[in-house]
There are 2 protein chains.
Amino acid sequence: MGITSKELAELCGVSRTTVHRALYNTGRINPETKEMILKKAKEYDFRPDLLARGLVTGKTFYIGVVIMDSDNRYFSQMLNAIVREARKKGYSVNITFHENNADIEKEQLCRLVDYRVDGIILSSIRKGTDYRKFLRGLNTPVVTIDNKVAKDLPFVGINGKKATYEAAEQIIEKGYEKVVLVCPPLADAARENVYVHEERAAGFTKAMRKHPAVKSVIIDGWDYAKKAFQELEEAGGRTAFFCTADIFALEIMQYFRERGKKVQRDYGIMGFDNIDILRYISPKLCTIYNSVEEVARNAVDLLFALMDEEEVPAERIVDYIPVDGETL
Amino acid sequence: MGITSKELAELCGVSRTTVHRALYNTGRINPETKEMILKKAKEYDFRPDLLARGLVTGKTFYIGVVIMDSDNRYFSQMLNAIVREARKKGYSVNITFHENNADIEKEQLCRLVDYRVDGIILSSIRKGTDYRKFLRGLNTPVVTIDNKVAKDLPFVGINGKKATYEAAEQIIEKGYEKVVLVCPPLADAARENVYVHEERAAGFTKAMRKHPAVKSVIIDGWDYAKKAFQELEEAGGRTAFFCTADIFALEIMQYFRERGKKVQRDYGIMGFDNIDILRYISPKLCTIYNSVEEVARNAVDLLFALMDEEEVPAERIVDYIPVDGETL
DNA sequence: TTGAAAGCGCTAACAG
DNA sequence: CTGTTAGCGCTTTCAA
């Protein structure tokens, strides 16, 4: 740290108030004193203590982010976009991970509030009215992303149900006789908020009901690759796997490859999210673009609106975009 | 925010000091008053204002991180590890990106200091004694990672030179008659700190000098995929590409695949870093594990030592680990 | 046009 | 064992 405003004031032979006025053009001030103060300020490289300012103004120009972690490719892209957006508006980002642990999530949220962040973006693993009450009790604007926590909490996400509905239709059109939904998180639905995946599963089942002739299977749980392989072996017609996240698709392709199964020849597969690493994967995975940048931008935007206490619609649904590939 | 310590004191009918003593076991206090205060504190969910505390104690329990961005897979893994390590020690992380812009880097560093972070981890794009002076002038412990900024600044990284030296030897042993080093950042060496890549290039050239019979080429600049392809076409013997980052290798493999070249049959290739997405890439890329977690752990560790004003060796070199694959 | 004084919420030295 | 007081560095009335 350099010099304080008090020291600067002494150096200039004026009061702290005058220094303040010179620096922030607030109130009337003699142009000459102002210039003199600015010169000295530059000379001594005065920079205000942001902690002290935050304490008195009640604004820290910080936003807090609580997500699972940044190992997950989707989240690290999200984080990147959030930091960028925030910076544009002069905000810094305080990042924390809950690591899929409900207690940690709560703890981190409290900590952020105690640091007086101006707002929070949260991808929660919790849900329900109790938790909504807790979030409200923080007395800090919170925007939820990905997983919806409760109906009336600000939320940004995509319409996953519609996306998977349409995708399933498309798969069926291609003539697959058996379509397997791979959705591991469903197994955790009792303990965690897996809204994102439930929505995607819902779209799938809705589509399958329309086509009773096509065989349909749902796989949940984290030994999904093995289960998927069994389904492929049993077969009973051309089989496609629809995964509720790209990462599951990649794991399965890997698993199948090691067992001599070739995509397109032996099976079809589709993912969801269009994470950036797909660029390096061959053959190109069919997927659905869950526009991270768009979600991030909207989340930050909505958060700022809430911080300004604007009356805003509490929900923003961003468009998804189907991405063509070579795996169906 | 909930209730303040002053309000809590009133509620309990004692002074703020007593409240403080009850909460933090400091100094003598009547067990009964203590219990009473703790009970009330819990009842009203008192949590101290961390900003105010930071202002008075001079410690914020924040560390700042300045890296390029979290699009880069290496950095997002790094970030993840740093946040984890920091949390273990009760610290939060304030994350900022410099986006390869020297001015932004400086600005972000200042901002972090003005927020009184207790220490900073920096992957810089600058170097030299002037910049070292600037960093010293921040009066905040700074640990540099990846790129060394100046000799006597705390630094954590791996021995890239030795790693590439050994790797090059290995490639040559496999009988390749031409080895191409792909190191795009070298083209930016005048403007940026590209220490990491310079080191890796140095190890390569050192090895090649030992084997004058093997043809050796160096490619820099960001149209490297095209250039690499030209080298392959010209050939003049079995050709291997040694890339100073996995990501370059992936781009090249992609580029070559689109042009009908098959790895191992038509060329050999090796990367550096062992980023996590390689797991999904087939064939498995030969590479060198740049132990992110290890680097992160050491960086945080070293930073804490500096913050405690311990006399510590300013440099920690972490081991790399060669990773076998199917691309040579 | 300038300055004095209060206060943000906390900690810490010093009295009682 | 408890309370008073001062102060971290800033902003913001209010008065001169």
Side-chain angles (χ1 to χ4, degrees), chain A residues 1-38 40-41 44-62 110-118 139-140, chain B residues 1-38 40-41 44-62 110-118 139-140:
Chain A
M1 299 293 301
I3 165 187
T4 74
S5 72
K6 191 177 160 197
E7 289 166 332
L8 181 56
E10 274 164 22
L11 244 29
C12 297
V14 299
S15 76
R16 255 144 87 232
T17 321
T18 308
V19 163
H20 192 253
R21 276 193 273 259
L23 293 171
Y24 307 111
N25 307 307
T26 157
R28 312 199 92 25
I29 186 175
N30 186 325
E32 282 168 29
T33 21
K34 176 171 174 179
E35 194 160 334
M36 182 267 280
I37 294 172
L38 288 178
K40 284 268 185 205
Y44 287 90
D45 189 28
F46 168 77
R47 296 196 317 263
D49 184 312
L50 267 16
L51 231 51
R53 173 183 289 177
L55 184 60
V56 47
T57 61
K59 270 185 78 69
T60 54
F61 290 91
Y62 258 106
C110 286
R111 199 182 151 103
L112 288 172
V113 170
D114 296 344
Y115 266 115
R116 299 226 200 164
V117 296
D118 295 336
N139 269 323
T140 302
Chain B
M1 301 289 304
I3 165 189
T4 74
S5 73
K6 192 178 160 195
E7 289 165 334
L8 180 57
E10 274 165 22
L11 244 29
C12 296
V14 298
S15 76
R16 256 145 83 233
T17 321
T18 309
V19 163
H20 192 253
R21 277 192 273 258
L23 294 170
Y24 308 110
N25 308 306
T26 158
R28 311 198 94 23
I29 186 176
N30 185 328
E32 283 167 28
T33 19
K34 176 172 174 178
E35 195 161 332
M36 183 266 281
I37 293 173
L38 287 177
K40 284 269 185 204
Y44 288 90
D45 189 28
F46 168 78
R47 297 197 316 264
D49 183 312
L50 268 16
L51 231 51
R53 173 183 287 176
L55 185 60
V56 48
T57 60
K59 269 184 78 69
T60 54
F61 290 92
Y62 258 106
C110 286
R111 199 181 151 104
L112 288 171
V113 170
D114 295 344
Y115 265 116
R116 298 225 199 164
V117 296
D118 295 335
N139 269 323
T140 302

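All chains are named by letter (A, B, ...) in the order of the sequence lines, taking the proteins before the strands, and each is independently numbered beginning at 1. Remember, it's a predicted structure, so these values are computed and weren't measured experimentally.
Here the OG atom belonging to A:S5 is positioned 10.0 Å from the CZ atom belonging to A:R53, to the nearest 0.5 angstrom.
Between A:L38 and the options A:V19, A:L23, A:T33, a side chain to side chain contact (heavy atoms under 4.5 Å, CB included) holds for only A:L23.
Across all strands, A:L55 comes closer than 4.0 Å to base atoms (heavy-atom distances). If you check every strand for non-hydrogen atoms under 4.0 Å, B:T57 touches sugar and phosphate atoms only. Within 4.0 Å of A:H20, counting heavy atoms only, lies at least one base atom of the nucleic acid. A:T33 comes within 4.0 angstrom of sugar-phosphate atoms only, judged by non-hydrogen atoms across all strands, and of no base. Within 4.0 Å of B:T4, counting heavy atoms only, lie sugar-phosphate atoms of the nucleic acid but no base atom.
One N or O donor and one acceptor, one from the side chain of A:R21 and one from the base of C:dG3, sit under 3.5 Å apart. No hydrogens or angles were tested; on distance alone, nothing pairs the side chain of B:S5 with the base of C:dT11 as donor and acceptor under 3.5 Å.
Figure legend: cation-pi geometry between B:K59 and B:F61, with NZ or CZ positioned under 6.0 Å from the six-membered ring centre and within 45° of its axis.
Each of D:dT5, C:dT2, C:dG9 was ranked by its minimum atom distance to the side chain of A:N30; first place goes to C:dT2.
Judged by closest nucleotide on DNA chain D, B:R28 is the one of B:R28 and B:A52 placed further toward the 5' end.
For D:dT2, neither phosphate oxygen OP1 nor OP2 lies less than 4.0 angstrom from any side-chain nitrogen or oxygen of B:T18.
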Audit row: A:L50, B:R116, side-chain contact (heavy atoms from CB on, under 4.5 Å) steps and yes/no: CA-CA 8 Å; A:L50 267 16; B:R116 298 225 199 164; over 6 Å; no
